[in-house]
Structures are given as structure tokens and as C-alpha cells.
Amino acid sequence: MGMANKAWRCNGGVLVNNLAAEILHQQNPRKQLSPKQRHCSNYLPWRRRTAVPWTLVCGLLLFVLGLISLFTGHVVSNIEWYSHRLINRNWYYKTVFLDVNPKQDRRNRAPIDIWKSNFSSFYYGCSNRGPHYAPPVRERFSNGYLLIATSGGLNQQRTGITDAVVVARILNATLVVPELDHHSYWKDESDFVNIFDVDWFISYLSKDVPIVKRVPEKVMRSMDRPPYTMRVPRKSEPGYYLEQVLPILLRRHVVQLTKFDYRLSNDLDEDLQKLRCRVNYHALRFTKPIRNLGQSLVTRMRRMAKRFIVVHLRGLLLFEVLLVASDASSGLTQGFEPDMLAFSGCYFGGGDKERHELAQIRKRWDTLPELSPDEERARGKCPLTPHEVGLLLRALDFNNNTYLYVASGEIYGGEETLRPLKELFPNFYTKEMLASEELKSLLPFSSRLAAIDYIVCDEGDVFVTNNNGNMAKILSGRRNDEPLPDHLHPVMVLLQTVDNG
């Protein structure tokens, strides 16, 4: 390398042919060379006029290549492919490129285990309190009591409970155990204590916010008016709560926030985001009877197969039961609501009957925009059908011996809609198939049934969903919060569109 640099300097930055220099010297031996010329053996008097710099050559090549790629669009796109064939295969290439491109270099790699991920060890929980996290205010020194009325199905209410804890922290308030929704479509009469372990909830968050089961009688007797009730806008910033809610709380001592779903912004500081994770993934633990029943279903699946996939289907429920829904608020809730198809504006191949029912349902809400089912599907706004979910799993190389646990309510179209998925995966199970007798006492309580599905979905080896709803988001975060070696991460496979062509 040193000799090459020296030759480059001697020739004025121009490389010439050494053979040509030797021939010229033989033809004119009498010409005396200066010391600098003798040091540079390939010196030529005319080298600056005839030799072409490499920088110019490379520049012209790049210019021509740019023109070609501009008009064809093919050359540049293949550069990466050629570079990977020419360069040595380094650690990054072997661990990242080959995982993303499994067809590359099959001869030099081990068989892929579709049940595992090489990157699961890189996932870790981030819910621990920071070093400068301030201790919570004590109940008697807090700014007042915060009552929360949640809204929607189980997982939408779960999101509201999570945000309620964060809002109590922002306001330096004492949180009263939230009240669950009894009035939306499901008419589920379950209270917080029927679904979640309330004592665990209070003790786990004792270092974050003070939580009580009810407002003390002494405080209630001292109030000359009922608690102040208000509804805050969706996605409100912490500043809104400090400016609009805190003054009322200080004046009235007890404030109730109603329809509390998605009422807190996602733009929060790191400590508050970590608090969200602590609440959602750790503090909200189901009651022991629900946990035991959910684990028994997992055990029954494990007895049949060492590994199984859990599939969450949403947005495909029966239309007939929708006729009992009375207002728009019952339709805007999360979970297995039967009017989700109508709100999505999607079409699932049910013929004229389905199109007529969708149109009639949508007419009940004047605020719904006109939507084209074909355009919505092309935009990736429609949930996958059971058949499309089956095609997706087969494309991922899961064979028909794979065991499936399907979490959903009644599917629109019934067995006819599920038939293609069952043909692709005959080992098809639901909670009703695994524990029909044990579930009889829970049939009137949709939130408790959803909690059973939640537990099995959390324990499955692979979690697949046909939607991007609350349950899918919460489970994806939950499974990534405590990754296990036998789980596939990311665990949620969400396909927006399926090309059947």
C-alpha cells in the first residue's frame, strides 16, 4: 500500500503503464533523469497529457449507471442482490438478511423453525419505575377522590382503567376502583371484583397511586352536593387535566369522569408510559376462578399438541342479534360487537342478503359516512375472513396438522363461514368445545368469557389476529412484555389485504 501511494505521488496523481515507461527509456538512454525522476521509475514526460484519472473514469461510470437506472428502474434495484453474492457473508448478513429472505442461500443454512424467533431474546419489559420516580401522595393528603365510569367491552374497559390510574397520578388524586360498564350492548352485570383481582390491583400499584374500593363515608357525608360529573374530550393531554379537571377536584373533592375510554393522549413522558405498562400487563390480574378455568383450557390444548396457534377473529358476528341494540353508543364499543361489520363498511361475500343487512344497519346512524366495500378492502381497512386467515397460516408454512384455538363469538354465516378454515386446519377448537359444561355459568357474562379467551391467547405459542382492535393490541404488547423462548415474536400477524389473484 505504501509503494502504491508513493507511485501515485510521483506521477502527479496519474497512474501510467510501467511497460511503456521502460520502452521509452530504452529508446532514449542518453537522457539523464533527475533524482526525483530516478526515484519514480515509471516517470514519463507526456504522462499528464495522455493518462486518464481513475476518479474521472469512476465518475463517468456512475453517471451512466444513474441514467440507465433512471430510465429502466432495474439496475439499481439489483445492486444489493449482486453485492450480497460478491461480498463475504458477515454476521449481520447471516442473522438478519437470511432471516428476512429465507430463499437466499438455502444450502448454507439450517432449517427454519417457524415456531421460534432468533430475536425473541431482544424483547424485554420496560415497566420498571425509573430512578427519579416520585413516591405517591398519601390518601389523606391527595387532591381528592377520582371516580371512573368505563365504557365498552372488556378490553376497551381495560384500556380505560389503565388510563384512569395514569390520570390519578397526574392529578395527585386518590383513585376509587373503577366502575365497569353495565349499559352497552352486552348488558354484562359484572363488576370489577368479578373479573379482576381487586386486592392485587390495589397493592401492586401502591407505589404509584393511592387506590380505595369506595369513597369513605366521612367524605360522602361532608359533601353538600353529589360528586361532580364530567366527560373529558378524547386523547386529552395531561395539561388539560391539570387546567380543567384539577380545579374542580380541589373545589368539590370528588369528581366522576364518565365514558372513560381513550380519554388520555398517547404523548406522555416515559414514567407515565411505564405506569401504563405496569397497570395493563401486571396490575390487572384476573380473579382466581377465571385464571384457573383459562389455564385448564391451555392444559387441554397442550395434551393434544405440544404447540398450538391461537386465532382471534373479530368483526364477523351475527347480524340478527343487532336488532336489540338501541343507540349509537352501544355500537361504538370494542370486542365482539355484532355491528362491527356495518361500521367497517366491508363486505364478506354473503350475497345480496348481507349487502341489504349492512345497508339497513348503517342507516340507523346519520353520522356514518358513505363507504365503498371494495375501496375499504383495497385500503386494508377490512378484517380478514376466516378463510383468509387460514391461507395466511398455510403461506407461513404451518401444515394441516397444526392445532388451532379460535377466540371469537358467533361468526356471521356460522359453520359455512368457518368451513374453509376448518378444511385447512382440521384440528380446530374453541372454548365451547373444550369446556362446555364449565362455561354454562358464565354464558350471561360476555366480559368473563372474553377473559377466558384472553388467557388462552396469552399462553398460545403463536398469536394471530384478523384485526387491529383493542384485544389484538393489548395481547401483542403483553406477550412482548414477557417474551418466552418458545413464542414467536412479533406475535401478532396482521395482514391488511390478501391478493387472491
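These numbers were taken from a predicted model, which means no experiment stands behind them.
The number of heavy-atom neighbours closer than 6.0 Å to CE of M230, taken from other residues, nucleotides and ligands shown, is above 12. Shown here is R214, whose CZ atom has no more than 12 heavy atoms of other residues, nucleotides or ligands within 6.0 Å. By the neighbour-count criterion of 12 heavy atoms within 6.0 Å, atom CD of E375 is sparsely surrounded, having that number or fewer from other residues, nucleotides or ligands.
With S436 contributing its side chain and M433 its backbone, the two residues share no donor-acceptor pair below 3.5 Å. N194 places a side-chain N or O within 3.5 Å of a backbone atom of D191 that can act as its donor or acceptor partner. The closest donor-acceptor contact from the side chain of S222 to the backbone of V219 lies under 3.5 Å. Between the side chain of N466 and the backbone N or O of L384, at least one donor-acceptor pair lies under 3.5 Å. At distances below 3.5 Å, not a single donor-acceptor pair connects side-chain atoms of N143 with backbone N or O atoms of L250.
Taking the charged nitrogens against the carboxylate oxygens, E415 and K422 do have a contact shorter than 4.0 Å, which makes a salt bridge. Comment: R263 engages D261 in a salt bridge, judged by a side-chain N to carboxylate O separation of less than 4.0 angstrom. Taking 4.0 Å as the cut-off between side-chain N and carboxylate O, R285 and D199 do not count as a salt-bridged pair. The residues K274 and E270 are annotated as salt-bridged, a charged nitrogen and a carboxylate oxygen being separated by less than 4.0 angstrom.
Between the CD atom in E237 and the CD atom in Q244 there is a gap of 13.5 Å [rounded to 0.5 Å]. Atom OG of S236 is separated from atom CZ of R231 by 12.5 Å, given to the nearest 0.5 angstrom. Rounding to the nearest 0.5 angstrom, the gap separating the CG atom in L246 from the OH atom in Y240 is 13.0 Å. The distance from atom CG of L264 to atom CD1 of I170, rounded to the nearest 0.5 Å, is 5.5 Å. Atom CG of residue N400 and atom CD of residue E423 lie 11.5 Å apart, to the nearest 0.5 angstrom. Note that CZ of F260 and OG1 of T162 are 10.0 Å apart. Values are rounded to the nearest 0.5 Å.
Residues A168 and V209 share a closest heavy-atom pair of C-CG1, 4.1 Å. Heavy atoms only, all atoms of each residue included: L268 and V166 are closest at CD1-CG1, 4.2 Å. Taking each heavy atom of D208 and R129 in turn, the nearest pair found is OD2-NH2, 2.9 Å. Here the closest non-hydrogen pair linking A451 and I290 is CB-CG2, 3.8 Å. For the residue pair L442 and R448, the shortest heavy atom distance occurs at CD2-CD, 4.0 Å. Closest heavy-atom contact between S151 and Q157: O-CG, 3.5 Å.
Here K440 pairs with E437 under the side chain to side chain donor-acceptor pair (under 3.5 Å) rule; sequence neighbours left out. In this view, Y454 and F286 satisfy the ring-ring contact (aromatic ring centres under 6.0 Å, His included) rule, not counting sequence neighbours.
A heavy-atom distance below 4.5 Å is found between the side chains of L434 and M301. Taking the side chain as every heavy atom from C-beta outward, Y281 and S127 never approach each other to under 4.5 Å. Counting heavy atoms from C-beta on, the side chains of L154 and R158 never come closer than 4.5 Å. Residues N280 and R478 form no side-chain contact, since every pair of their non-hydrogen atoms from C-beta on lies 4.5 Å or further apart. Two residues are said to be in side-chain contact when any heavy atoms from C-beta on lie closer than 4.5 Å; R394 and L391 fail this criterion. Counting heavy atoms from C-beta on, the side chains of F308 and V456 come closer than 4.5 Å. Considering only heavy atoms from C-beta on, C457 comes within 4.5 Å of M471 through its side chain. Using a 4.5 Å heavy-atom cutoff, the side chains of I309 and L393 are in contact.
Side-chain contact check for H282 and D481: at least one donor-acceptor pair (N or O, by modelled atom type) lies under 3.5 Å. For the residue pair D188 and S190, a side-chain donor N or O sits within less than 3.5 Å of a side-chain acceptor on the partner.
For the side chain to side chain contact (heavy atoms under 4.5 Å, CB included) with L404, the lone residue among V389, L421, V464 that qualifies is L421. Results of the side chain to side chain donor-acceptor pair (under 3.5 Å) test with Y262 over N470, D163, T159 single out N470 as the only residue that passes.
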For this session: Apply salt bridge (charged side-chain N to carboxylate O under 4.0 Å, His left out) to the pair D461 and K306, showing each step before the final yes or no.
Result: CA-CA 9 Å; D461 296 279; K306 181 180 178 182; over 6 Å; no

For this session: Show your working on side chain to side chain contact (heavy atoms under 4.5 Å, CB included) between L449 and K431 and close with a plain yes or no.
Result: CA-CA 9 Å; L449 293 174; K431 58 181 177 294; 4.0 Å; yes

Problem set entry | Residues V406, T430; criterion side chain to side chain contact (heavy atoms under 4.5 Å, CB included); working and verdict | CA-CA 5 Å; V406 177; T430 63; 4.3 Å; yes

Problem set entry | Audit row: F201, F192, ring-ring contact (aromatic ring centres under 6.0 Å, His included) steps and yes/no | CA-CA 10 Å; F201 178 75; F192 192 99; 5.1 Å; yes

Problem set entry | Residues Y429, M304; criterion side chain to side chain contact (heavy atoms under 4.5 Å, CB included); working and verdict | CA-CA 11 Å; Y429 293 91; M304 293 183 289; 3.5 Å; yes

Exercise. Given L475 and D458, is the side chain to side chain contact (heavy atoms under 4.5 Å, CB included) satisfied, shown in steps?
Worked result: CA-CA 6 Å; L475 275 167; D458 187 37; 3.9 Å; yes

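F398 has its ring centre no less than 6.0 Å from the ring centre of F425.
A side-chain hydrogen bond (donor to acceptor under 3.5 Å, both in side chains) check over residues 167-178, counting only residues at least two apart or in different chains, returns the pairs Y133-R169, S142-T174.
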